[in-house]
There are 4 protein chains.
Amino acid sequence: MPRVTEEHRERRRRQILDAARSCFARKGFHETSLQDIFKESGLSAGAVYRYFRSKDELIGAIAARSQPLVAALLEEILGEEELPPLDEIVARFAHGVIERMGPSGVVRIAPQAWALAMYNPTIHVAIGGLLGDVRLWWTRVAERLRDEGRLPPDCDPKAVAIVLTSIIPGLILQRLLLGEDADVETTRAGLHALLAVDQRPVEGSAL
Amino acid sequence: MPRVTEEHRERRRRQILDAARSCFARKGFHETSLQDIFKESGLSAGAVYRYFRSKDELIGAIAARSQPLVAALLEEILGEEELPPLDEIVARFAHGVIERMGPSGVVRIAPQAWALAMYNPTIHVAIGGLLGDVRLWWTRVAERLRDEGRLPPDCDPKAVAIVLTSIIPGLILQRLLLGEDADVETTRAGLHALLAVDQRPVEGSAL
Amino acid sequence: MPRVTEEHRERRRRQILDAARSCFARKGFHETSLQDIFKESGLSAGAVYRYFRSKDELIGAIAARSQPLVAALLEEILGEEELPPLDEIVARFAHGVIERMGPSGVVRIAPQAWALAMYNPTIHVAIGGLLGDVRLWWTRVAERLRDEGRLPPDCDPKAVAIVLTSIIPGLILQRLLLGEDADVETTRAGLHALLAVDQRPVEGSAL
Amino acid sequence: MPRVTEEHRERRRRQILDAARSCFARKGFHETSLQDIFKESGLSAGAVYRYFRSKDELIGAIAARSQPLVAALLEEILGEEELPPLDEIVARFAHGVIERMGPSGVVRIAPQAWALAMYNPTIHVAIGGLLGDVRLWWTRVAERLRDEGRLPPDCDPKAVAIVLTSIIPGLILQRLLLGEDADVETTRAGLHALLAVDQRPVEGSAL
DNA sequence: CATGAATGAGGCTTCATTCAT
DNA sequence: GATGAATGAAGCCTCATTCAT
């Protein structure tokens, strides 16, 4: 009985989270009422409240759910012995996010979560953690690149990571607001061109 | 009287918009009630409604306001004859956004606006336009870089622009969610290191 | 100067009342805001308030305005020596109300006023007075008809008046809700047929 | 459970409608706030909104409710084989409306509904339908009277119906605005006197 | 476990009215 | 006399949440 119950509970949780994610992707957090989620999930208010104590907790659970997905993705990308070229790494990451996580609506939810994270501690922890993990991962990548001599030996891996971490959110934003011109291949090509840039010496920054 | 009145109206508009921006930066769009804005602006409901017909219109006006600011910034950056190095351009842009627009709270509002733009047509136009302008500007920059031989002659300027356009939003996000480690100088340094990356040939992408 | 001023005041009053009547006929009392009337009249809030101390007073003034119109109409109808046939009297009354007062929108305002009269003392006085006058007039008509032998000598003129008083409001209602089938000629014909009705003796009412 | 629930829902609907009708009769549609209805019904805002989606819908439901009542009344009046005298028919109708429907407040609501019907499509349909039904019924009555030789063979039943349809609304109005002098018996007497009127020939209408 | 009716605080907005200019 | 910006109470309605069944 405990096993059955536990399975049942888990199935219910998923059922609710899927419904919520779908609503959130379609209408946004704030325009989605719990009534919408009740309807979408086919469950009653009481049932949903048995599994999640508030709307915030529901949002938090959805936000939290992408952490393992992203973690798995990151691990997978670096699974190989040798580090692929940087544009390839970014492309794989983008591909994972857009092609694999995208269809479930997570990508559409991302900007909602970023916005909410600024004022909601729970979401802040979830999203900040996710972004922090990604940046840490890029820092490790930068270190390896530096150690392999593919980045200047005196470079700051964290600084490099900050730039690289920017790309995926920026790409998501462009896809959602400007359309799907901003795709994985284009990003790779753009990055590839950039990495070959002729960095001419400058004698003094204007800043 | 007409002139005075017009000035007065304009002052009121600003007064309301400043109050709203301040509230939105502090609490976010959705947690800010109109009552908050009435209080912050020192005006009554009716007075605010004389200038803006709804909360949405107020948000839209604030979103629309950053377009000229950003346009001016972009124009200013490229004022000089010769194109500065790319990391310098990015740094100037980031500096303008963070140091000049930041204090008024616009930067904190940005993610709210990105999120809202996905479901609110008016905001979509405003924010999409802004982001589109920026990308177009980067496209022009990329063309010049290519023409000056600082990017590969066969590169796609738009692809480059997509990557470069990503950086500022990604940076904003990191600042807001992970803290001010992600600053202008670090970004410049990271980008500088990247642009010198040793792009080793790869015999086949995994994608 | 006093003369000029008085004329001016009177012109303003009319200007406001006409605008108000027009709005009320178009949208109803409650859906018409004072702002609507300011716009329609081309005057400012302050100007209107100089002439009428409240929306209610404005409505009251409009209601009061029809009293002399109706009084004149009634007097005119009975101007002749001999009383016309009853269906003719009703037809003239209906004609006066619908054709002469109708175009200004008064007829469309009537049901609004009836409704308001039930809860607003000022309007109650105005509309009740009007309806009472009409009924009193019909009572006089019934008395004359009885005295001329065209109604049974033992009939109650007031009872007759109550029935006759009903016809015009009922006609207005039908015109407004069911359309203009209910016109003056049809009413006259219907009444004419009824007045010739074969009143067969009944031995006991079911009431 | 289903049966119980359905009954429960129906009871709630009635509870709300009764409360609303009572408020509306007391204060009129516009002076009655939803808060008044919540208080009168003993329910909360949310509860009322579960059953009626807006104040308009509530008003519409009340308006719609009188249609079957009136229909039943009309059917009942003509239940017998032979047509009673016309004044008797009118008296029965008036009696039904005033004595049976009156106490619930419907009669006091009628003028409100007439006024609203002019600008509110839903109410227009409800009230227009009601009035149209009544007029149609009177048309049938007039046809029978004509066929029985109690109205001129060449008369227009619809014209007769228009006059007869006027009486009840006109009576309601007089009761509400001038007091209860205008009662069923007086109306019957007045009509009785009228139907015996000496319709003297006229050589030309003044219209 | 599940249901769904009920709660009620609080949000956005309107509009009659006032008053400094 | 006239203007029209400003006021602020009050209205309608939504929705996260609770709880009796």
Side-chain angles (χ1 to χ4, degrees), chain A residues 4-5 8-9 12 30-39 41-59, chain B residues 1-2 4-5 8-9 11-12 16 30-39 41-58, chain C residues 5 8-9 12 30-39 41-59, chain D residues 1-2 4-5 8-9 11-12 16 30-38 41-58:
Chain A
V4 172
T5 290
H8 179 251
R9 286 183 58 83
R12 275 276 190 267
H30 288 283
E31 313 317 314
T32 298
S33 71
L34 287 185
Q35 323 287 330
D36 290 334
I37 295 174
F38 303 153
K39 212 172 291 173
S41 68
L43 290 172
S44 67
V48 171
Y49 266 84
R50 176 166 293 277
Y51 293 92
F52 299 94
R53 270 175 311 194
S54 70
K55 188 180 184 181
D56 268 15
E57 192 170 307
L58 201 45
I59 294 176
Chain B
M1 178 150 123
V4 173
T5 287
H8 176 256
R9 285 181 61 83
R11 217 177 317 129
R12 274 279 188 271
I16 294 166
H30 289 284
E31 311 318 313
T32 298
S33 73
L34 288 182
Q35 291 301 330
D36 292 334
I37 295 175
F38 302 152
K39 211 171 293 171
S41 68
L43 290 171
S44 68
V48 170
Y49 268 84
R50 169 173 291 276
Y51 294 90
F52 299 95
R53 271 175 310 200
S54 68
K55 188 180 184 181
D56 265 18
E57 191 169 309
L58 201 44
Chain C
T5 289
H8 178 252
R9 285 183 59 82
R12 276 276 191 267
H30 288 283
E31 313 317 313
T32 298
S33 71
L34 287 185
Q35 322 289 329
D36 290 334
I37 296 174
F38 302 153
K39 210 173 291 173
S41 68
L43 290 173
S44 68
V48 171
Y49 266 83
R50 176 165 293 277
Y51 295 92
F52 299 94
R53 269 175 311 193
S54 70
K55 188 181 184 182
D56 267 16
E57 193 170 306
L58 201 45
I59 295 176
Chain D
M1 176 149 121
V4 172
T5 286
H8 176 254
R9 285 181 61 82
R11 218 176 316 130
R12 275 278 188 267
I16 294 166
H30 288 284
E31 311 318 311
T32 298
S33 72
L34 288 182
Q35 291 300 330
D36 291 335
I37 296 175
F38 302 153
S41 69
L43 289 171
S44 67
V48 170
Y49 269 85
R50 169 173 291 276
Y51 295 91
F52 300 94
R53 269 175 312 198
S54 69
K55 188 181 184 181
D56 265 17
E57 191 169 309
L58 201 44

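We name chains A, B, ... by the order of the sequence lines, and we start the count at 1 in each one.
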Visitor: For E:dT3 and A:Ser44 - does any side-chain N or O of the residue sit under 4.0 Å from the phosphate oxygens OP1/OP2?
Guide: yes
Visitor: Return the set of residues passing salt bridge (charged side-chain N to carboxylate O under 4.0 Å, His left out) with D:Glu57 (not counting sequence neighbours), or none when no residue passes.
Guide: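 D:Glu57: salt bridge (charged side-chain N to carboxylate O under 4.0 Å, His left out) contacts with D:Arg53.
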Visitor: Would you tell me if any nitrogen or oxygen in the side chain of B:His8 comes within less than 4.0 Å of OP1 or OP2 on F:dT3?
Guide: no
Visitor: Which listed nucleotide (F:dT7, F:dA2, E:dC1) is nearest to the side chain of A:Thr5?
Guide: E:dC1
Visitor: From the set E:dC15, E:dG8, E:dC1, return the single nucleotide nearest to any side-chain atom of C:Gln35.
Guide: E:dC15
Visitor: Hey, which of these two, C:Glu31 or D:Arg12, hits DNA chain E nearer its 5' end, going by closest nucleotide?
Guide: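 Closest to the 5' end, via its nearest nucleotide, is D:Arg12.
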Visitor: Please name all residues satisfying side-chain contact (heavy atoms from CB on, under 4.5 Å) with D:Thr32, sequence neighbours left out, ordered by chain then number.
Guide: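 D:Thr32 satisfies side-chain contact (heavy atoms from CB on, under 4.5 Å) with D:Cys23, D:Phe24, D:Lys27, D:Asp36, D:Ile37 only.
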Visitor: With sequence neighbours left out, write down each residue that passes side-chain contact (heavy atoms from CB on, under 4.5 Å) with C:Arg50, or none if nothing qualifies.
Guide: none
Visitor: If you look at every heavy atom in A:His30 and B:His30, which pair is closest and at what distance?
Guide: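 Heavy-atom minimum between the residues: CD2-CD2, 2.9 Å.
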Visitor: In whole angstrom, what separates B:Leu34's CG from E:dC12's P?
Guide: 4 Å
Visitor: Output the rounded distance in Å from CG (D:Leu58) to C1' (F:dC12).
Guide: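 Interatomic distance, CG of D:Leu58 to C1' of F:dC12: 12 Å.
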Visitor: Please figure out whether D:Gly42 or B:His30 has its closest DNA chain E nucleotide nearer the 5' end.
Guide: D:Gly42
Visitor: In whole Å, what is the span from the CG atom of A:Leu43 to the P atom of E:dA5?
Guide: 15 Å
Visitor: Can you pull every protein N or O that's under 3.5 Å from an N or O on nucleotides 19-21 of chain E?
Guide:
none

Visitor: Near DNA chain F, which residues from residues 50-57 of chain D have a heavy atom under 4.0 Å away?
Guide: D:Ser54, D:Lys55
Visitor: How long is the line joining CZ of B:Phe38 and P of E:dG10, in whole Å?
Guide: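 About 16 Å, once rounded to whole Å.
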Visitor: Which heavy atom of B:Ile16 sits nearest a heavy atom of B:Ala47, and at what distance?
Guide: CD1-O, 4.4 Å
Visitor: Distance check needed: E:dT3 P versus A:Ile37 CD1, whole Å only.
Guide: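 After rounding, the gap between these two atoms is 16 Å.
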Visitor: Holding to side-chain contact (heavy atoms from CB on, under 4.5 Å), I want the full list of residues that pass it with D:Tyr49, two or more places apart in sequence or in another chain.
Guide: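 In terms of side-chain contact (heavy atoms from CB on, under 4.5 Å), with neighbours along the sequence ignored, D:Tyr49 is linked to D:Leu34, D:Phe38.
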Visitor: Pairing of DNA chain E as dot-bracket, 5' to 3': ( ) intra-strand, [ ] crossing, | other strand, . unpaired, with Watson-Crick or G-U pairs under 3.5 Å?
Guide: .||||||||||||||||||||
